[in-house]
Amino acid sequence: MTHTCYDTRRSVSAFRGHPAPFPDPGTTPLPGRRAPRVARRAPLAALGTLIVAATLGATPAAAQEARTDSLEARVRRLTVLVDSLLAELREQTARQEEEQPGGLEALRAAAREAASETPPPDTTPQPSRTRNLSVLNPEISVTGDVVGGFAAPGGGDNRVSAIPREFEFSFISALDPYARAKVFVSKEEEVEIAGLEDAVGMETGLDEPQPAEGPPAIELEEGYGQWVGLPGNLGVKLGKFRHELGLYNRWHTHALFEIERPLATAAFLGDDGLIQTGLSVDLPSFQIGPATQTITLEAAKADNKLFEGGTNFSYVGRLQSFFDVSPSTYVQFGVNGVYGKNDDVDLTARLLSVDAVLRWVPIARAKYREFSLKSEWYWVDRDVGPQDLSGRGGYAQASFRWDQRWITGLRADYLDGFGDGPTAYALVPSVTYWQSEWVRFRLQYDFIKRTGFDGDHTIMFQTVWAVGPHKHETY
Amino acid sequence: MTNRSRFTRFVPAVLAFGLSSLHPAAARAQGKLDVVATLPTYASIAREITGDLAEVASIARGDEDPHFVQARPSFARMLQQADLFIATGLDLELWVPALLDRANNPRILDGAPGHVTAYSGIELLDKPSAVSRSEGDVHVFGNPHIHTDPINAILIARNILAGLKRVDGGNAATYDSREKDFESRIIHRLFGDRLVELLGEETLFDLARGGTFWSFAAAQQFEGKPLTDYVGGWLAQGAPFRNRKMACYHKNWAYFSNRFQVECAIYIEPKPGIPPSPGHVQEVLEYMRANSLPALFAANYFPKSQVDRVAQRTGATGVVVPESVDGAQGIDDYFKLIDLWVGDLARAFVEHGAGGDR
């Protein structure tokens with residue numbers, strides 16, 4: 001800037017002894033529009049000076065003409081000079097406006113500089129991570145389920161119990177871009193509920209006694225690979241898994257809405273439900289009208305209670321129809337079939353079941369309000385040698401969340417088991433207190449009544465907690 | 001027993017039904033791309049980019065708590081047909097894995113071209129120094145409510161753009177052009193036209209993203225006035241609450257607070273995801289009164305009655321807004337969503353005598 005100002009002054013000083021016509025831009029804080037006004041006056045001043053000089057110097061004609069020519073030439077040269085000076089001044093003024101503090105270009109440059117500020121690279125030596133790849137370990141979770149109870153059997157002594165009902169360890173991880181692995185290992189003990197064993201214990205049609213129960217052992221509850229990226233939108237599970245059967249068979253015991261499974265499922269499928277080793281295929285879902293239909297087909301070694309621990313194959317199929325009544329309400333219907341044999345004891349078992357759900361969860365209050373109505377009904381047929389045993393049973397359950405923390409529920413069971421045993425009924429109200437997403441408490445009352453017997457009463461208190469990332473998959 | 005004959009008819013019927021469903025899904029409506037987003041805000045941003053080239057749907061609704069969406073077969077069906085799936089990619093939508101595992105769609109699995117993680121490139125706030133459930137439902141990677149900052153909306157749009165170009169490269173030019181337009185509108189609405197004219201969209205984006213905008217603006221002058229005088233748009237609208245404190249219900253406003261320089265000084269939830277106890281609510285009341293907090297800011301999936309009660313007892317204004325697009329009537333795009341947040345919050349502060357920076 002200083003250099004430019006100096007040049008300007010030097011150029012103007014060349015104007016033959018006249019003082020510089022322009023103020024020094026370097027001393028002008030903000031030239032603004034003053035400089036252009038001064039510049040406009042400059043040609044007039046120069047021309048006037050020349051006219052005065054010409055008038056004062058009048059001489060005879062020839063000399064005068066020559067002088068006039070000389071003066072004209074000089075005026076032209078001066079005009080050119082003035083024009084060039086004015087152009088230079090305008091450029092300089094514009095540059096000054098842009099470059100001075102507060103000018104737009106300066107502002108933009110400062111903004112660009114501020115925007116590009118990045119912290120210096122971290123050159124601190126980092127520890128090697130080649131021996132620290134535990135981040136690749138699977139997601140590990142632990143679930144605890146402790147139950148205490150007071151049982152008052154209709155025909156026996158009152159009893160108090162307290163057991164660590166279940167501790168479950170889960171390991172979940174991606175195997176590769178196409179498959180996942182899920183492993184659930186648990187140590188489980190049976191809850192003592194007055195009248196339950198009598199209600200679900202049925203005629204089996206077998207001569208052999210049931211295997212005696214030993215001390216609770218750590219068992220593989222589920223362990224399977226799951227392929228979720230196959231062509232044709234097929235989903236495949238391979239391993240030991242809970243079968244897609246009804247509403248609750250897929251649910252782990254600690255995640256149930258009551259402490260124990262309904263009478264009918266416990267009677268026909270065992271205390272833990274239908275869990276076997278085999279193959280499961282989810283077919284692509286499809287629409288029929290507004291309803292989403294899903295079909296699952298499964299084949300597994302028939303070693304469940306239903307088949308008395310056999311070695312043949314069993315087959316399970318489920319058709320589910322799901323319909324969103326509104327964003328807050330849906331209904332779901334399911335039809336399930338199970339077929340399997342156990343040649344060792346000449347047993348063939350068939351199970352047909354239906355289930356239905358109505359669930360209302362107001363979208364904007366999902367944590368605070370919820371009502372659901374669920375029901376499952378089973379018809380089971382077992383041929384054991386010449387005997388044809390059939391049984392049926394089911395339950396209906398309602399639950400209502402009336403606060404973020406409190407949920408109440410009521411389940412009613414019906415069981416007409418194999419053989420000539422009594423029909424059993426159960427009524428199970430419960431209150432659940434939700435301390436947080438990972439801890440909940442439940443108070444439950446079980447009333448079980450078998451026709452011809454006194455009613456059995458049990459009050460239980462349950463605590464369920466979860467450590468780690470595992471969330472219960474309710475779908 | 002008639003069960004046997006019933007059963008022998010049932011199994012073949014199920015098989016036939018299943019095999020018939022193996023045919024390819026119905027042709028996409030009008031040959032458009034099928035885009036599914038977890039949250040309606042992501043869907044709205046995706047629509048800005050795709051225009052009529054895609055059918056864009058959202059799983060969660062705008063007034064739904066994104067932490068607690070109930071996975072349903074109808075959602076799995078949506079994902080089964082999707083060409084592009086957009087999710088935050090953090091531990092917000094923990095219901096997503098169950099749906100993906102049910103959808104069996106290799107195009108949108110984690111890491112597949114059709115899977116967009118919206119958080120990519122966003123500097124996460126509230127990263128826990130130690131992860132423990134004793135801190136409540138702590139998000140282990142940082143706060144996942146990323147869309148509450150308009151600058152993050154630009155980064156989300158860029159992530160969606162990248163996904164769209166991966167699965168539908170033929171329309172890349174259209175997507176590019178529409179995404180640029182979205183970015184431009186966000187910058188203009190955030191800073192105001194005059195500031196954009198002075199500094200340019202890119203520079204302003206970089207300043208904001210780097211977190212240096214306000215310090216830069218405060219240190220600069222132009223034409224004899226502080227540069228902050230040239231700030232317009234949402235930031236100018238937010239002047240009544242800038243550098244002020246308010247109460248919040250949950251930690252879902254971290255990015256909004258950061259952008260608009262308004263601090264959530266106390267929360268109704270004692271810890272994220274933990275219901276407030278009466279004792280904690282009393283502490284909140286006392287704090288709000290002692291500090292004269294003028295507003296309680298909450299998403300509309302929290303109980304409005306509780307917000308109103310606290311506001312009433314402290315003299316504050318309860319500002320209950322949808323956290324996501326489509327969460328209230330008329331809030332059908334991202335711009336209207338930010339308009340609503342900024343407008344309602346500014347009104348609440350003005351009601352309590354706030355006129356500008358403090």
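Heavy atoms only: backbone and side chains are in, while hydrogens, waters and symmetry mates are out.
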Does [atom1] in [X] sit with more than 12 non-hydrogen atoms of other residues, nucleotides or ligands closer than 6.0 Å?
X      : atom1 : answer
A/Q287 : CD    : yes
A/K374 : NZ    : yes
B/E123 : CD    : no
A/Y178 : OH    : no
A/R365 : CZ    : yes

* To do: Carefully, step by step, assess B/D137 and A/E437 under the rule side-chain contact (heavy atoms from CB on, under 4.5 Å).
  => CA-CA 8 Å; B/D137 194 1; A/E437 208 174 331; 3.3 Å; yes
I'd like to verify something: which residue of [options] has the highest number of heavy-atom pairs under 4.5 Å with chain A?
options                        : answer
B/P322, B/G136, B/G200         : B/G136
B/A219, B/A217, B/G111, B/P275 : B/P275
B/L109, B/V69, B/I108, B/L100  : B/L109
B/A299, B/G210, B/A103, B/P303 : B/P303

Under 4.5 Å from any heavy atom of chain A, what part of [X] do you find: side chain, backbone, both or neither?
X      : answer
B/P97  : neither
B/E323 : neither
B/K271 : neither
B/N300 : backbone
B/L198 : both
B/L204 : neither

* Asked: Checking side chain to side chain contact (heavy atoms under 4.5 Å, CB included) against A/S285, which of B/Q81, B/Q80, B/M78 comes through?
  -> B/Q80
Where do [X] and [Y] come nearest, in terms of heavy atoms and distance?
X      : Y      : result
A/Q404 : B/G273 : NE2-O, 4.4 Å
A/Q332 : B/P73  : OE1-CG, 4.4 Å
A/A366 : B/F68  : CB-O, 4.2 Å
B/F222 : A/G103 : CE1-C, 4.0 Å
A/K367 : B/F302 : NZ-CE2, 3.6 Å
B/P106 : A/N233 : CD-ND2, 4.4 Å

* Test A/L107 against B/L199 for side-chain contact (heavy atoms from CB on, under 4.5 Å), laying out the working first. => CA-CA 8 Å; A/L107 179 65; B/L199 298 184; 3.8 Å; yes
Does any heavy atom of chain B fall under 4.5 Å from the side chain of [X], the backbone, both, or neither of them?
X      : value
A/S321 : neither
A/L230 : backbone
A/W227 : backbone

Atom [atom1] of [X] and atom [atom2] of [Y]: how far apart are they, to the nearest 0.5 Å?
X      : Y      : atom1 : atom2 : value
B/T212 : A/E113 : OG1   : CD    : 11.0 Å
B/R72  : A/F322 : CZ    : CZ    : 5.0 Å
A/R405 : B/S277 : CZ    : OG    : 7.5 Å

* **Contact winner vs chain B - A/P231, A/P177, A/A291, A/P327, heavy-atom pairs under 4.5 Å** =>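 Of the candidates given, the most pairs with chain B belong to A/P327.
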* To do: Evaluate side-chain contact (heavy atoms from CB on, under 4.5 Å) for B/T203 paired with A/R108, printing each intermediate quantity in order.
  => CA-CA 8 Å; B/T203 302; A/R108 286 175 176 163; over 6 Å; no
* To do: Just jot down the salt bridge (charged side-chain N to carboxylate O under 4.0 Å, His left out) partners of A/R112, sequence neighbours excluded, or say none.
  =>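 In terms of salt bridge (charged side-chain N to carboxylate O under 4.0 Å, His left out), with neighbours along the sequence ignored, A/R112 is linked to no residue.
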* Polar contact flag, side-chain donor to acceptor under 3.5 angstrom, A/Q293-B/R77 ->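 Result is no, nothing qualifies.
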* **Side chain proximity check, A/V228 to B/D101, heavy atoms < 4.5 angstrom** => yes
* Are there residues of residues 58-65 of chain B that reach to under 4.5 Å of chain A by heavy atoms, and which ones? ->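 The residues closer than 4.5 Å to chain A, in numerical order, are B/R61, B/D63, B/E64, B/D65.
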